[in-house]
Asks: 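Take this structure first; my questions come after.
Every number for a ligand or one of its atoms is a count from 1 in the order of the listing. Counting begins at 1 with the first residue of the sequence. Side chains included, hydrogens not; waters and symmetry mates left out as well; all remaining heavy atoms used.
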Amino acid sequence: MRIVQSLLHKFNWKYYAVTILLLGVALSPVRAQQEGRDPAEPLQGKAQPTTLPRPAGAVARQDVDEKAMAALVHELVGCGTRLSISSWTDPKRGIGCARDHVVARFNEIAKESGDKLRVIVDKYEAESERTNGPAAMENVYAILPGSDPKLEKTLFIVSGHMDSLSSRWTDPVPDAPGADDDASGTAVSVESARLLSKIAAGGKSPFRATILFAAVSGEEQGLLGSRHLLDWTKEQGYTVGGMLDNDIVGADLAPGGPHRVRVFSGNGEIDDCDSSSRELARAIEEIDGREAIRMVFRVDRYGRGGDHYYFYKAGLPAVRFTEPLEDYTHQHQTPRTENGVEYGDLEKYLSFAFMGNVARDNAEALRQLAMAPAPPANVHLRGAVSPDAKISWSAEEDPERAGFEILWRETTEARWQVYDFVPSSGETILKGVSTDNHFYGVRSVGKNGARSIAVPTEPAQRTTPSVIKK
Ligand SMILES: [Zn+2]
């Protein structure tokens with residue numbers, strides 16, 4: 001004891017008291033648990049729901065015909081220019097030459113599919129400040145009809161634009177090879193048609209909804225072809241279930257590839273509720289995997305536009321696929337060399353390994369979406385000022401549907417988690433789950449494991465917040 005006392009005399013007591021106090025606070029297990037932890041939701045003990053496996057028979061990467069894609073791109077580049085206001089009748093040079101090649105390829109594929117694929121050339125007139133007055137335009141569609149009478153009027157679209165642009169936007173004289181922008185997207189659309197019509201060829205097609213493979217014109221003249229396609233779907237009585245725009249999907253020039261393809265989706269305009277386009281992007285990422293898809297939560301590349309735009313603005317699910325890192329010396333440039341820099345959208349910069357990945361990812365996303373039941377409707381969240389979240393939705397009768405997945409995520413999370421599985425529509429109560437801290441959604445699940453896109457909850461009635469009880 002005497003020894004201890006003599007030792008203590010040697011210490012500076014004030015200094016050690018403070019140090020010991022601070023150490024105690026930092027190491028205290030009680031404090032560590034309290035700091036940074038929020039109340040648990042759902043209440044502890046909630047079992048993880050069992051989820052159905054996704055549909056078997058995924059499109060295999062080795063089934064993608066890169067050579068056929070390269071051949072089509074080569075033919076399109078060989079048309080010299082594909083400016084939408086170049087010649088529609090010259091078989092050797094101009095946009096008409098491109099149409100001919102796309103139609104010929106679609107016809108070959110249709111033949112291989114036992115004529116399940118229907119090829120249409122849709123002629124129309126359009127005008128913008130880049131058309132020198134009203135201009136004749138044509139889109140090419142290949143349609144794979146859905147096999148389910150209830151879903152055949154639901155349409156999933158994959159689209160590329162077959163037109164191209166030189167440095168002179170209204171001049172058909174200069175060459176505009178457009179290998180990447182957008183012979184690549186056209187090749188992805190056409191190859192998707194081949195991959196999926198092959199699946200549909202024997203017996204009853206597994207695709208319940210209809211799939212349309214498009215090669216539009218007029219993109220560079222102001223999204224004229226896709227705008228016309230949107231009108232066409234309405235005239236034909238289709239509901240657009242999803243629109244996959246592929247534009248500049250042919251190159252992966254940055255070192256360290258292969259990289260992920262970017263998938264752009266807009267926010268939408270409703271408070272606390274993402275757009276259906278965002279839900280389509282999430283569905284694509286979930287189907288193809290995070291290693292294949294880089295979601296970008298933005299309607300398009302900054303300050304730029306594409307063929308999904310008018311679909312998105314119409315409230316329809318529409319996204320844009322674009323390569324990882326664009327090279328602007330290749331886009332919309334008349335081929336030339338200036339100060340040692342080579343300009344021009346040339347085939348030599350393309351990567352068919354990358355483009356093949358994009359084709360596979362488009363085809364697989366379309367395959368699963370076209371096999372899925374319709375998304376639920378009237379998806380509402382109630383339960384403000386109450387301890388439980390109440391989610392309700394409706395859905396038409398569908399004997400092929402297994403049920404519904406209730407989805408949730410932290411408001412700061414990018415991706416859904418499955419909270420629960422419910423066999424029939426109506427209302428489900430999430431006990432002890434606050435309406436405030438998460439976003440919620442519902443999606444339909446087929447007996448085949450295919451999921452619809454998610455439908456995020458909206459309030460049952462839009463009310464001014466001040467009117468809601470405080
Ligand atoms: Zn483009």
Side-chain angles (χ1 to χ4, degrees), residues 69 72-73 76-77 79 81-86 95 98-99 102 126 128 130-131 137-140 157-170 172 174-192 213-230 243-253 261-266 296 298-312 318-335 343-347 349-351 354-355 358-359 362:
M69 295 179 79
L72 179 61
V73 168
L76 294 177
V77 171
C79 294
T81 178
R82 306 190 305 278
L83 188 73
S84 294
I85 52 172
S86 61
I95 183 82
R99 173 212 51 215
V102 171
S128 75
R130 292 191 193 176
T131 57
M137 298 271 168
E138 299 182 24
N139 292 344
V140 185
I157 300 170
V158 55
S159 184
H161 68 84
M162 59 183 174
D163 63 307
S164 66
L165 201 67
S166 74
S167 305
R168 296 213 296 269
W169 295 354
T170 55
D175 277 348
D180 200 0
D181 186 10
D182 183 33
S184 67
T186 305
V188 164
S189 176
V190 171
E191 179 62 9
S192 297
F213 309 89
V216 301
S217 58
E219 196 273 350
E220 305 289 12
Q221 258 49 36
L223 314 178
L224 302 175
S226 54
R227 202 170 187 173
H228 175 78
L229 171 58
L230 175 59
M243 193 273 191
L244 279 51
D245 170 28
N246 284 265
D247 195 351
I248 312 179
V249 289
D252 185 14
L253 293 163
V261 65
R262 292 180 290 169
V263 174
F264 291 85
S265 63
V296 183
R298 172 169 268 163
V299 65
D300 206 319
R301 296 106 73 241
Y302 190 66
R304 303 183 74 191
D307 281 331
H308 62 309
Y309 181 74
Y310 286 111
F311 286 81
Y312 164 67
V319 298
R320 177 191 180 126
F321 287 72
T322 296
E323 66 197 31
L325 186 67
E326 294 165 79
D327 187 326
Y328 306 111
T329 59
H330 299 163
Q331 294 175 14
H332 307 164
Q333 299 284 349
T334 306
Y343 292 87
D345 188 353
L346 307 171
E347 285 170 275
Y349 301 120
L350 300 180
S351 159
F354 176 79
M355 211 190 294
V358 179
N362 270 264

Asks: When you measure from the centre of the six-membered ring of F264, is the NZ or CZ of R320 under 6.0 Å away and within 45° of the axis?
Replies: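 No.
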
Asks: Does D307 have any side chain to side chain contact (heavy atoms under 4.5 Å, CB included) partners at least two apart in sequence or in another chain, and if so, which?
Replies: H161, V216, E219, L223, S226, M243, D245

Asks: Would V299 and Y312 satisfy side chain to side chain contact (heavy atoms under 4.5 Å, CB included), going step by step from the backbone distance to the final call?
Replies: CA-CA 8 Å; V299 65; Y312 164 67; 3.5 Å; yes

Asks: Is any protein N, O or S atom closer than 2.8 Å to the Zn ion (ligand 1), and if so, which?
Replies: H161 NE2, D181 OD1, D247 OD1, D247 OD2

Asks: Quick check: closest heavy atoms across D175 and S166, and the distance to 0.1 Å?
Replies: O-CB, 3.5 Å

Asks: Measure across A179 and A183 and return the closest heavy-atom pair with its distance rounded to 0.1 Å.
Replies: O-CB, 3.2 Å

Asks: Take E220 and R82 through the salt bridge (charged side-chain N to carboxylate O under 4.0 Å, His left out) test and state the conclusion after the steps.
Replies: CA-CA 10 Å; E220 305 289 12; R82 306 190 305 278; over 6 Å; no

